[in-house]
Amino acid sequence: FALTLSSDSGYIVVPHCQGFIFPVGDTGLDRIDWMCGSWSYGQRPYSNSYLPMMRFYGIVNRNSAMYVRMEAMYDTRIQFLGNEKPREDTPRLSSVYPIVLSSMRKLGYPRKFVIEIIPHGSYVDMAKKYRKWLKSIGMYKSLKEKIKELPSVEKLVGSPMVWMGTGYLATTRAPEVNPRYTGSERLTGTYKTIPDMLRTLNEAGVDKAMVIIWGWERYKPGMQEPDHWPPNEKLGGLTEFKKIFSRQLRKRFPNYILGFYNIYNDMYSDSPSFDREKIIKNADGSLSESGYWHGGLAYVIDPAQYRFFAEKHIEAYQRELEALDCMFYDNFLGLRENYNPDHLLTRSEAAEIKRSFIEWTVGKGVITGVEFCADWIAPYVHYADGAVGAYGWYFDEMMQENIVPVPLWDLVFHESTVNYWWHWDNYCLLYTSPSPRDLSTSRMPSS
């Protein structure tokens, strides 16, 4: 689907993160150059492809809309293509189309795309149509149904997400990869500061909240995943950590949900559990890399191995902690093929394994959420951190662009998942002070 400023005044619709439209008729919106990683100006084209969070895209123009639903989501990307603000004599271009990926280096199976014209339609009509289709194929579960299955989920409704950053902020020295990775280390707080943070929050009038503890792991955050347990000794160890999740503290804050995050997507070479056979292999036999994070280079774990790590962790959590409510899984949505001859895995099979893993977690009686979200996981999780927000992955200094965020995700899933802005976006409560007696010392939104 394509539009040009010289003849059209509509927009394309892309369901990435919360969703966005790109209008061609408004020349006052002048910058999209960050999309290809450059801050320079010019007339060159830009392009980016996305793993869609919902399997549709569309276009609106001249009092009508055209909508495409992709019934094979896992092996499809959405390509967004256009140019920057043109000169007066140069048309602005904007287009969106699918890229069909191979499945284990073959087409693999038939791919189906359904195209519909919606007279007088808009992105809202597309979202409503898509929501109706999900319900028709049994891929939609309401929040009321989820609460019926796990009553504690009702506490999520109306609860802000509050990250309490106690622990070490540390990085492996690697300025050649990222200047932030300097080998620095600093303490932002210990487990003993958490009750004080909860009291300060409550005294400010926040009578209910979902509190996620960040930086609690056995070594340092983002350093030795997937090995999390036991809690960091320098921060107070298991003795102090247990006090955070005690029934005694729960009685003081009965409407607070308490939890922490786990990462089972990443594996570092210095992790005690490092095992090459538990890492996804590329087609050439090399190990699949997640990226270079605080702890250095991380590899991508085969999702079939998540349970291997999570079972011993959750067993320890529920044995040692009296009142753990919530689990948060980071870096969860990526789907990669595994060419390990001992465990070949397509993207579709990887999605099914991850769904099963979430169902298993919920079956343990734990409120469960993921970073970002997608329609194939939405029926199984209770909340999504980053499904909404201006652009999800992009920091706030990059948001003053001419891609216009629209609430596609909320239009479809507002009755199914509790949706939070990504925890690095503007609208997140993030405590990092060891003694936040005064709320003015904490990072909080102004409204």
Side-chain angles (χ1 to χ4, degrees), residues 73-74 138-156 210 212-213 216-217 225-230 245 257-267 271 273 275 277-280 290 300-336 338 340 342-385 387 413 416-418:
M73 178 185 187
Y74 311 115
M139 280 295 290
Y140 191 96
K141 182 180 287 187
S142 71
L143 202 58
K144 287 183 179 180
E145 293 175 278
K146 295 174 182 179
I147 291 170
K148 187 175 181 180
E149 294 171 351
L150 187 62
S152 60
V153 172
E154 189 168 12
K155 288 185 178 181
L156 274 176
M210 181 174 69
I212 300 292
I213 310 301
W216 65 274
E217 303 100 310
E225 279 90 11
D227 294 296
H228 307 295
W229 191 261
F245 297 94
I257 300 166
L258 293 175
F260 44 81
Y261 78 91
N262 291 268
I263 300 178
Y264 293 118
N265 184 69
D266 296 342
M267 178 179 284
S271 301
S273 298
D275 185 344
E277 294 306 308
K278 289 181 169 59
I279 297 171
I280 286 179
S290 167
V300 182
I301 298 176
D302 182 339
Q305 301 296 331
Y306 289 0
R307 284 274 295 271
F308 173 82
F309 300 104
E311 282 184 335
K312 58 182 180 181
H313 284 160
I314 290 183
E315 191 277 329
Y317 302 158
Q318 295 189 324
R319 181 183 67 249
E320 300 288 353
L321 307 178
E322 294 178 333
L324 174 66
D325 300 307
C326 177
M327 197 72 68
F328 173 66
Y329 291 123
D330 202 350
N331 297 344
F332 195 81
L333 293 184
L335 298 174
R336 304 196 189 196
N338 190 0
N340 185 335
D342 294 329
H343 189 225
L344 296 172
L345 197 67
T346 66
R347 296 182 193 89
S348 298
E349 291 167 338
E352 185 56 43
I353 289 172
K354 291 189 175 188
R355 276 196 295 262
S356 176
F357 177 72
I358 291 293
E359 287 186 290
W360 171 79
T361 304
V362 174
K364 295 290 184 179
V366 180
I367 298 170
T368 306
V370 294
E371 186 178 31
F372 308 111
C373 204
D375 62 6
W376 55 269
I377 201 71
Y380 307 93
V381 296
H382 304 122
Y383 69 94
D385 176 30
F413 290 109
S416 178
T417 57
V418 177

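Heavy atoms only: backbone and side chains are in, while hydrogens, waters and symmetry mates are out.
- Side-chain contact between Lys141 and Glu149: present, with at least one pair of heavy atoms (C-beta onward) separated by less than 4.5 Å.
- Atom-to-atom distance recorded for Leu335:CG and Trp376:CH2 is 4.5 Å, nearest 0.5 angstrom.
- Nearest heavy-atom pair across Tyr380 and Ile358 is O-CG2, 3.4 Å.
- Residues Tyr317 and Asn262 have side chains that bring a donor and an acceptor to within less than 3.5 angstrom of each other.
- What you find for Pro379 and Met139 is that their closest heavy atoms are CG-O, 3.3 Å.
- Between Glu315 and Trp229, every side-chain heavy-atom pair lies at or beyond the 4.5 Å cut-off.
- By the neighbour-count criterion of 12 heavy atoms within 6.0 Å, atom CD of Glu311 is densely surrounded, having more than that number from other residues, nucleotides or ligands.
- Side chains of Tyr261 and Glu217: a donor-acceptor N/O pair is present below 3.5 angstrom, by distance only.
- A 6.0 Å sphere centred on NZ of Lys148 holds no more than 12 heavy atoms belonging to other residues, nucleotides or ligands.
- One N or O on the side chain of Lys146 and one on the backbone of Ser416 form a donor-acceptor pair closer than 3.5 Å.
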Practice task
Give the C-alpha distance, both sets of side-chain angles, the deciding distance and a yes or no for side chain to side chain contact (heavy atoms under 4.5 Å, CB included) between Leu143 and Thr417.
Solution key: CA-CA 6 Å; Leu143 202 58; Thr417 57; 5.9 Å; no
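- Side-chain atoms of Lys364 do not come within 3.5 Å of backbone N or O of Ile314 as any donor-acceptor pair.
- Here the CG atom belonging to Leu156 is positioned 7.0 Å from the SG atom belonging to Cys326, to the nearest 0.5 angstrom.
- Checking Glu359 against Ser356 by side-chain atom types alone, no donor-acceptor pair falls below 3.5 Å.
- The line from OH of Tyr140 to CG of Asp375 is 12.0 Å long, rounded to the nearest 0.5 Å.
- Note that CD1 of Ile147 is 8.0 Å distant from OG of Ser142, once rounded to the nearest 0.5 Å.
- Of the candidates Glu225, Lys354, His313, Tyr264 forms a side chain to side chain donor-acceptor pair (under 3.5 Å) with just one, namely His313.
- Distance check: Leu258 CG to Leu321 CG gives 10.5 Å after rounding to the nearest 0.5 Å.
- Looking at Asn265, Thr361, Asp385, Thr368 one by one, the single match for side chain to side chain donor-acceptor pair (under 3.5 Å) with Tyr329 turns out to be Thr361.
- Here the side chain of Asp325 pairs no donor or acceptor atom with the backbone of Ile367 at under 3.5 angstrom.
- The two residues Leu344 and Glu349 come nearest to each other via the heavy atoms O-OE1, 3.9 Å.
- In this structure, Glu322 and Phe245 have side chains that are not in contact, with every pair of non-hydrogen atoms separated by 4.5 Å or more.
- The two residues Met267 and Ile301 make their nearest non-hydrogen contact at CB-CG1, 3.7 Å.
- Using a 4.5 Å heavy-atom threshold, the side chains of Phe372 and Phe332 count as separate.
- Checking each of Ile280, Asp302, Asn340 against Leu345 for a side chain to side chain contact (heavy atoms under 4.5 Å, CB included) leaves exactly one that passes, namely Asp302.
- Ala374 and Leu333 make their closest contact through N-CD1, 3.9 Å (heavy atoms, listed as atom of the first residue, atom of the second, distance).
- Taking the side chain as every heavy atom from C-beta outward, Phe357 and Pro303 never approach each other to under 4.5 Å.
- With rounding to the nearest 0.5 angstrom, the CD1 atom of Ile353 is 14.5 Å from the CH2 atom of Trp360.
- Nearest heavy-atom pair across Tyr74 and Arg347 is O-CD, 3.2 Å.
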| field | Verdict with supporting geometry, Glu352 and Arg355, salt bridge (Lys or Arg N to Asp or Glu O under 4.0 Å) | value | CA-CA 5 Å; Glu352 185 56 43; Arg355 276 196 295 262; 2.6 Å; yes
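- His228 and Trp216 have tilted rings, their planes meeting at an angle from 30° to 60° on a 0 to 90° scale.
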